[in-house]
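Here's the structure we're looking at; comments come further down.
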Amino acid sequence: MGTRTLHVTNTLTRQLEAVQTQEPDHLRFYSCGPTVYSYAHIGNFRTFLTADLVVRVAEAIGWKVSYVSNITDVGHLTQDDVADAGGEDKMEKALHSKEGEQFQNVWDLARHYANAFIDDWDRLRLKRPLVWPRATEHMREQIEAVEKLIESDHAYVTPTGVYFRLSSFPDHGKLSGNRDKEQLKVAVRDVVQDDNKEHPGDFALWKLDDKHLMQWYSPWGWGFPGWHIECSVMAMKYLGETLDLHAGGEDLVFPHHESEIAQSECLTGHEFCPYWIHTRFLQVNGEKMSKSKGNWYTVRDLVDGRGVDPVALRYALISVPYGKPNNFTDQTLKDAARNVERMREARSVAESASAAQVAGEDVVGGRLVELYDKALDAMCEDLNTAVALAQALEGAKLIRESLTDGGSADSAKASLLFLDQIDALLGIAPPVETAAEALAEAEPVVEGKPIAEWIALRTSAKASKDFATADQIRQTLDAAGIELRDTPDGVIWKRKTSM
RNA sequence: GGCGUCGUACCCAAGUGGUUAAGGGAAGGGUCUGCAAAACCCUCAUUCAGCGGUUCGAAUCCGCUCGACGCCUCCA
């Protein structure tokens with residue numbers, strides 16, 4: 001410990017760099033969270049998992065981590081700056097959708113999806129941040145920030161709202177490379193129609209709109225904050241004026257993060273954040289997954305709807321390093337499920353060997369320490385999950401090889417330590433209790449009989465050598481999506497995932 | 001039009017100047033099992049999209065060609 005450090009590909013420089021924290025061994029880390037107008041999809045979670053891995057690696061190398069991830073619960077316009085503000089916002093749109101009918105109002109809707117989001121977060125075993133600040137709970141801070149920007153001439157008031165004056169911040173474009181202002185003008189000309197703005201690229205800090213479903217009173221009248229200001233304000237409130245590392249999805253590079261930098265640096269007069277990382281999109285069957293296309297999966301679609309092990313889903317989502325697109329397919333999920341199964345197998349073999357208390361040498365510890373070190377090194381090197389997972393699997397294989405037919409208590413102890421460390425680092429080798437709990441939920445009933453009864457019937461059929469009946473029962477359960485496995489410790493059943 | 005990423009076996013993917021090109025899945029063979037599953041053993045890229053160049057030496061560096069993709073506009 002102490003000799004390793006975290007390296008990331010910094011979006012600002014496009015270089016692999018060692019993260020130098022302002023305070024030694026203390027990482028101040030902000031990760032952009034979701035807008036809660038619907039259930040978060042697995043692509044959202046790929047990004048949140050990148051942040052999760054940053055936290056895990058930082059902790060593994062002995063850093064203290066101050067981790068903040070926001071929840072955007074204000075509906076922003078679907079088109080950034082429609083002049084008359086008559087365009088529906090995302091929340092409002094969601095409220096008027098079929099699924100939205102169950103909610104009393106937008107506040108109710110936001111609360112519902114925020115709660116669902118946190119449930120999914122926990123199910124995928126993401127570490128919780130220090131705080132989950134919400135935009136609606138930081139309105140005063142946002143208004144104050146806008147006022148400050150106006151005072152310092154970085155923003156101006158118009159009849160439609162308050163806008164950030166891009167020309168007042170020469171560094172605009174340093175993150176995305178969109179430095180050419182004329183180019184920017186061309187690019188946005190088609191969309192932006194507000195003639196009150198000085199430059200088409202100027203973005204909204206406050207939108208005046210007394211018909212908006214969520215509105216607050218400001219010095220400029222009733223309205224709501226611009227999308228970008230919340231992150232600047234909340235990040236600085238909880239982490240200080242300069243962060244160490246800021247993360248988000250690749251689509252946020254421009255305009256969101258670019259705008260965050262502009263606002264924040266104009267507010268404080270110094271650098272907002274020296275290191276930025278962006279997670280590439282998750283694709284589904286080779287196509288971009290997006291809410292507008294409607295081809296997205298939520299965590300609950302897969303876990304509740306198709307019986308996918310949440311840990312397997314987590315594995316699938318982190319199996320490709322964050323800097324490359326990950327093409328999510330049924331095969332990805334199957335591979336992941338298989339690998340998680342092997343981690344669990346190793347855990348259960350080690351638990352049995354540990355319980356048996358056999359004396360003898362530790363024959364695996366040395367190798368497992370090497371493998372863990374390699375995994376941690378890989379994670380420190382720009383979160384190379386592909387290599388880290390390979391080490392995890394190799395370790396699990398070694399454990400199964402060495403302990404399946406019994407092994408010493410010392411070997412078992414070293415194995416369990418390895419699995420715990422790997423789980424702390426990657427979250428893919430859960431303790432047995434978790435698996436047992438997962439299986440303990442509602443025992444399924446097939447053709448009127450609980451599983452246990454079927455198993456008993458089959459066991460007695462086997463005892464009397466009536467293998468035809470035994471196989472018949474296996475098939476019946478198989479058709480109902482239940483798989484039986486004969487083990488030395490008895491018969492166990494598991495739910496097959498439908499993929 | 002501007003900014004940027006990528007192309008490694010049937011599939012996912014590591015490797016970014018130098019011993020036999022990680023690992024996983026799938027597939028085939030075997031041990032075990034009443035059967036099955038699991039587990040274990042074995043097999044599975046003389047080759048890294050194509051073409052040129054630099055080099056003693058390249059999948060790795062440079063150039064071009066072809067192909068895929070992302071952002072620039074709500075999006076993780």
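The chains referred to below are lettered A, B, ... by the order of the sequence lines, with proteins before strands, and numbering in each begins at 1.
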Requested in this report: For B:C12, take OP1 and OP2 only and decide whether either is under 4.0 Å from a side-chain N or O of A:Lys324.
Outcome: no
Query raised in the report: Is there a donor N/O on one and an acceptor N/O on the other, under 3.5 Å, for the side chain of A:Asp486 and the base of B:C35?
Result: yes
Requested in this report: Select one nucleotide: of B:C3, B:G25, B:A22, the one nearest the side-chain heavy atoms of A:Arg14.
Outcome: B:C3
Report task. On RNA chain B, check which nucleotide each of A:Asp335 and A:Ile42 is closest to and give me the residue with the more 5' one. Result -> A:Asp335
Requested in this report: Taking only the side-chain heavy atoms of A:Lys397 (C-beta and beyond), determine which of B:C41, B:U73, B:A39 contains the nearest atom.
Outcome: B:C41
Requested in this report: Determine the contact category for A:Gly248: base if any of its heavy atoms lies under 4.0 Å from a base atom, sugar-phosphate if only primed atoms, P, OP1 or OP2 are that close, otherwise nothing.
Outcome: sugar-phosphate
Requested in this report: Give A:Pro255 one of three labels, base, sugar-phosphate or nothing, depending on what nucleic acid heavy atoms sit under 4.0 Å from its own.
Outcome: nothing
Query raised in the report: Whole Å only: how far is the CG atom of A:Leu282 from the P atom of B:C71?
Result: 13 Å
Requested in this report: Quote, to the nearest angstrom, the C1' distance that separates B:U73 from B:C3.
Outcome: 15 Å
Query raised in the report: With distance as the sole test, does A:Glu17 use its side chain to make a donor-acceptor pair with the main-chain N or O of A:Asn10 at under 3.5 Å?
Result: no
**Report entry** Watson-Crick or G-U wobble mate for B:G63, both contacts under 3.5 Å
**Finding:** B:C51
Query raised in the report: OP1 or OP2 of B:C40 less than 4.0 angstrom from a side-chain nitrogen or oxygen of A:Arg342, does that happen here?
Result: yes
Query raised in the report: Taking the P atom of each, how far is B:G25 from B:A37, in whole Å?
Result: 15 Å
Report task. Using only side-chain N and O atoms of A:Trp227, determine if any of them is under 4.0 Å from OP1 or OP2 of B:C75. Result -> yes
**Report entry** Shortest side-chain distance from A:Gln283, nucleotide among B:C40, B:C69, B:A76
**Finding:** B:C69
Query raised in the report: Rounding to the closest angstrom, what is the interatomic distance between B:U60 and B:C48 at atom P?
Result: 9 Å
Report summary line: Among the nucleotides B:A38, B:A76, B:C12, whichever has the atom closest to the side chain of A:Val320 is B:C12
Query - Residue A:Leu252, side-chain atoms from C-beta onward, closest of B:C35, B:A76, B:G23 - result: B:A76
Query - Closest listed nucleotide, where the reference is the side chain of A:Arg338 and the choices are B:A36, B:A26, B:G34 - result: B:A26
Requested in this report: Among the candidates B:A37, B:A76, B:G25, find the nucleotide nearest to the side-chain atoms of A:Arg485.
Outcome: B:A37
Report summary line: Among B:G25, B:G34, B:U5, the one nearest any side-chain atom of A:Arg280 is B:U5
Query raised in the report: From A:Ile118 CD1 over to A:Leu126 CG, what is the distance, rounded to the nearest 0.5 angstrom?
Result: 12.0 Å
Query raised in the report: Does the side chain of A:Thr298 pick up a donor-acceptor pair with the side chain of A:His41 at under 3.5 Å?
Result: no
**Report entry** Donor-acceptor pair under 3.5 Å, A:Asn339 side chain vs B:G24 base
**Finding:** no
Report task. Under 4.0 Å between any heavy atoms, over every strand shown, what does A:Asn384 touch: base, sugar-phosphate, or nothing? Just pick one. Result -> sugar-phosphate
Query raised in the report: Expressed as a whole number of Å, how far does the P atom of B:A9 sit from that of B:C41?
Result: 26 Å
Query raised in the report: Mapping A:Ala396 and A:Glu483 to their closest nucleotides on RNA chain B, which lands nearer the 5' end?
Result: A:Glu483
Query raised in the report: Hey, do the aromatic rings of A:Phe203 and A:His228 have their centres closer than 6.0 Å?
Result: yes
**Report entry** Gap in Å between the two P atoms, one belonging to B:U46 and one to B:C71, rounded
**Finding:** 37 Å
Query - Short side-chain to backbone donor-acceptor contact, A:Asp309 and A:Val311, under 3.5 Å - result: yes
Query - Donor-acceptor pair present, A:Arg400 side chain and B:A39 base, under 3.5 Å - result: no
Query raised in the report: Starting at CH2 of A:Trp276 and ending at P of B:C71, how long is that distance when rounded to a whole Å?
Result: 19 Å
Query raised in the report: Taking atom C1' in both B:A27 and B:C44, what distance in whole Å separates the two?
Result: 8 Å
**Report entry** Watson-Crick or G-U wobble mate for B:U43, both contacts under 3.5 Å
**Finding:** B:A27
Requested in this report: Compare the minimum distances between each of B:G24, B:A38, B:A76 and the side chain of A:Glu345, then state the nucleotide with the smallest one.
Outcome: B:A38
Query raised in the report: Salt bridge or not for A:Arg400 and A:Glu345, using N-O below 4.0 Å?
Result: no
Query raised in the report: Which of these nucleotides, B:G23, B:C11, B:A13, is closest to any side-chain atom of A:Gln331?
Result: B:C11
Query - Exercise: do A:Ser408 and A:Ser411 side chains pair donor with acceptor under 3.5 Å - result: yes
**Report entry** Interatomic distance at C1', B:A45 relative to B:C12, whole Å
**Finding:** 15 Å
